[in-house]
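Accompanying notes for the structure given below.
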Amino acid sequence: MKIELKNLALAGAAALTTLCLAATAHATVFSVTLTMDENGHGTFTNTSGFHATLASGLQNDPGPGGLSDVLTYDLLNPPGLTAGDVLINEAGVGLDDVVRFNPGETGPGGGTGSLVFYSNPIDGGLDSKADTPSPPGAFYTNTITLDEVKGRVVYTPTSGEPGFVAGAGGPVTYVLISDSVPEPASWALMMLGVAAAGGALRLRRKAVIA
């Protein structure tokens, strides 16, 4: 009888373990993470174990007020990418970076759907691939403003927000890396005429995290 009870207890424990593992697997939500910095280093990962390097290069930005030769990342054909601009502020300083999503643009790797990274330089010195002499001359009507925290922005858009991917099958998170020390910069006067900029801005320089 003791042996039978012991076997029964072991069987029950095994069944409970199986149920817990199944519940954990069921609770795991599929998600995608794209990490990009200001010098062309980008990766794509998902919870299914897929990993890829994102192609990047300098391309003309076809979006509103887009400049030429702006750091552009290929987003690997995201289904249902939402166009728009992410305006990144340094707390207490003002507009610092602009990250733009262009759904129909062909990326450097040949896929459709791209992310364009505008970064503010110091004193006109373009020392990272994303540095541009000014932000875009105009913005998409679809914008969101985020604050940079400890040199980066972690952004998971919801439906309708810039960068949302309707057919992704799970949330897509963008990790946008820029480390910096606040400095006067060359974008400030140029932003006076840009809609939604909110006046002259003091901006800062970034040291790129590789």
Side-chain angles (χ1 to χ4, degrees), residues 32-45 53-59 61 63 65-75 81 83-102 105 107-108 113-137 139-140 142-157 161-164 172-191 194 196-198 200-210:
V32 175
T33 301
L34 293 91
T35 302
M36 287 153 282
D37 70 12
E38 297 177 356
N39 213 32
H41 305 118
T43 59
F44 178 114
T45 61
T53 298
L54 295 174
S56 66
L58 300 180
Q59 294 190 179
D61 173 16
L67 304 185
S68 60
D69 297 325
V70 187
L71 178 61
T72 302
Y73 284 94
D74 192 325
L75 297 184
L81 180 67
D85 289 322
V86 177
L87 311 181
I88 300 175
N89 285 341
E90 173 72 9
V93 177
L95 181 66
D96 182 53
D97 300 325
V98 176
V99 170
R100 166 166 292 178
F101 295 92
N102 289 325
E105 172 71 355
S114 66
L115 179 151
V116 183
F117 206 139
Y118 286 84
S119 174
N120 172 53
I122 180 174
D123 298 330
L126 308 180
D127 59 356
S128 75
K129 289 184 179 179
D131 284 347
T132 55
S134 75
F139 296 138
Y140 278 106
N142 185 26
T143 65
I144 186 170
T145 300
L146 303 173
D147 289 330
E148 180 180 298
V149 178
K150 296 183 178 179
R152 66 182 58 202
V153 167
V154 180
Y155 169 53
T156 305
E161 292 180 334
F164 180 75
V172 176
T173 296
Y174 302 92
V175 181
L176 308 169
I177 301 173
S178 66
D179 199 6
S180 62
V181 176
E183 294 273 2
S186 57
W187 278 14
L189 294 177
M190 296 178 187
M191 288 305 298
V194 178
L201 304 171
R202 286 177 54 82
L203 304 175
R204 60 162 179 86
R205 182 179 189 254
K206 285 158 300 302
V208 174
I209 296 178

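Within the model, atoms CG of L54 and NE2 of H41 stand 12.0 Å from one another, a figure rounded to the nearest 0.5 Å. Atom CG in L115 sits 6.5 Å away from atom CG in L176 (nearest 0.5 Å). Note that CG of L34 and OG1 of T173 are 9.0 Å apart. Values are rounded to the nearest 0.5 Å. Note that CD of E38 is 8.5 Å distant from CG of L71, once rounded to the nearest 0.5 Å.
Smallest separation of non-hydrogen atoms from D97 and S119: OD1-CA, 3.4 Å. D96 approaches N120 most closely through the heavy-atom pair O-CB, 3.3 Å. When all heavy atoms are compared, the tightest approach of S134 to L67 is O-CD1, 3.3 Å. Looking at every heavy atom in both residues, E148 comes nearest to V153 through CA-CG2, 3.7 Å. The minimum heavy-atom distance between E161 and T156, with the atom names listed, is OE1-O, 4.4 Å. Annotation for D61 and N102: closest pair OD1-ND2, 2.9 Å, computed over non-hydrogen atoms.
In this structure, the ring of Y73 has its center no less than 6.0 angstrom from the ring center of Y174.
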Step by step, would you call F44 with L75 a side-chain contact (heavy atoms from CB on, under 4.5 Å)?
CA-CA 8 Å; F44 178 114; L75 297 184; over 6 Å; no
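With sequence neighbours excluded, the residues satisfying side chain to side chain contact (heavy atoms under 4.5 Å, CB included) with T72 are Q59, P108, S114, V116. For N142, the side chain to side chain contact (heavy atoms under 4.5 Å, CB included) test picks out T82, P162, with sequence neighbours left out. Remark: D85 pairs with R100 by the side-chain hydrogen bond (donor to acceptor under 3.5 Å, both in side chains) rule, at least two apart or across chains.
Proximity of a side-chain donor or acceptor of N39 to a complementary backbone N or O of K129 within less than 3.5 Å is detected.
Looking at D37 and F117, their side chains never come closer than 4.5 Å, going by heavy atoms from C-beta outward.
Of the options V99, V172, V175, I144, a side-chain contact (heavy atoms from CB on, under 4.5 Å) to Y155 is made by I144 and by none of the others.
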